[in-house]
Amino acid sequence: MASIVFRRVIHVVVTVAAASTSIFVLIQLSGDPTDGFLAPGSSQEVRDAVRLRLGLDRPLAEQYVRFLGNALTGDFGESWRDRQPALSAVLDRLPATLLLGGTAGVIAIVGGGVLGTISAMLRPGVLRVVVRVFAMTGQAVPAFWLGTIGIVLFAVRLGWLPSSGNNGALALVLPALTLAAQPGSMIARLLQSALLDVRSTSYVTVAHGKGLSRRRVWLRHMLPNAVIPALAYIGLQASLLVGGAIVIETVFAYPGVGRLALQATTDRDVPVIHAFVIVTVILVSAINIAVDLIAVALDPRQRSGLSLSVSHG
């Protein structure tokens, strides 16, 4: 288990370096970064002075080494637009996004797990079809459309929930449910398929032959093995939740780090973009490590040093 953690830490360092390189290359390809925060029509003298202050006049090799060093040391400098430490700007908004993503993750895991288990336990018929259609609908409906419909129905028409902001638990309901819809539906389908597959295995037949109750067989013998594919998906979904949070935070005017990153991209605020990407890489990697360790605990076959292949993505 220690070797898995060590390899994952090395993987994080390599990923941070690769992410920083990608950001640097994209910045160079996008044109002059000062176009994002200087007033239109600024004189060339003003533009040159700003480039000198930010170190953008240095050779590309020197800029790259400094850029990579910032990523590995955590010193991203000041926001070019707001003149505050970029890392602090990201970390100040991070708790709100973690609250949103964590709530959506719990809803997706619990809701998808219950839905997938129940649909697998049901006998073939109308009810199983209804559950399956519900799960497929959650995957097919775009998050921004679902969020907009939720605002119109529950905030504007019925007045039950706030339409935006982060004032209290009620303001978290609509964005969390919207963000959880797609991963919850996928978890339900993966778990249902896995449970139906393991139902016909020999060890399940033996368990039934020993006289164990149907509930005990499902919860004690089938579910721990069937949950592995869903766990792999959860590790992959960690990064997708961050990307989804950008859309959801924009739709609901939620003051999280995703909305900050979108604004920084519009303004070409490179230090904030860089800090956001690196913090996201570390956060997603930590979640993947946790998922791998849970998989090792549930499945002894994983202890050979192999981990969930999907979480390498």
With rounding to the nearest 0.5 angstrom, report the [atom1] to [atom2] distance, [X] to [Y].
{"X": "Leu100", "Y": "Ile248", "atom1": "CG", "atom2": "CD1", "value": "7.5 Å"}
{"X": "Thr73", "Y": "Arg66", "atom1": "OG1", "atom2": "CZ", "value": "11.5 Å"}
{"X": "Phe252", "Y": "Leu174", "atom1": "CZ", "atom2": "CG", "value": "5.0 Å"}

List the atom pairs, donor and acceptor, that lie under 3.5 Å between side-chain atoms in residues 145-159 and the rest of the protein, sequence neighbours left out.
from: Thr148; atom 1: OG1; to: Phe144; atom 2: O; distance (Å): 2.7

Should [X] and [Y] be counted in the same cluster of Ile, Leu, Val, Met, Phe, Trp and Tyr side chains packed under 4.5 Å apart?
{"X": "Leu262", "Y": "Leu91", "answer": "yes"}
{"X": "Ile107", "Y": "Leu170", "answer": "yes"}
{"X": "Leu26", "Y": "Ile278", "answer": "no"}

Side-chain (Ser79) to main-chain (Val272) donor-acceptor, under 3.5 angstrom: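 No, the answer is negative, given that no donor and acceptor are paired below the 3.5 Å cut-off.
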Report yes if some heavy atom in the side chain of [X] is under 4.5 Å from a heavy atom in the side chain of [Y]; otherwise report no.
{"X": "Ser20", "Y": "His274", "value": "yes"}
{"X": "Leu260", "Y": "Phe276", "value": "no"}
{"X": "Leu87", "Y": "Val279", "value": "yes"}

Is it the case that the side chains of Thr21 and Tyr64 hold a donor-acceptor pair, with the cut-off being a distance below 3.5 Å and no angle test?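 Judged by distance alone, the side chains do pair up.
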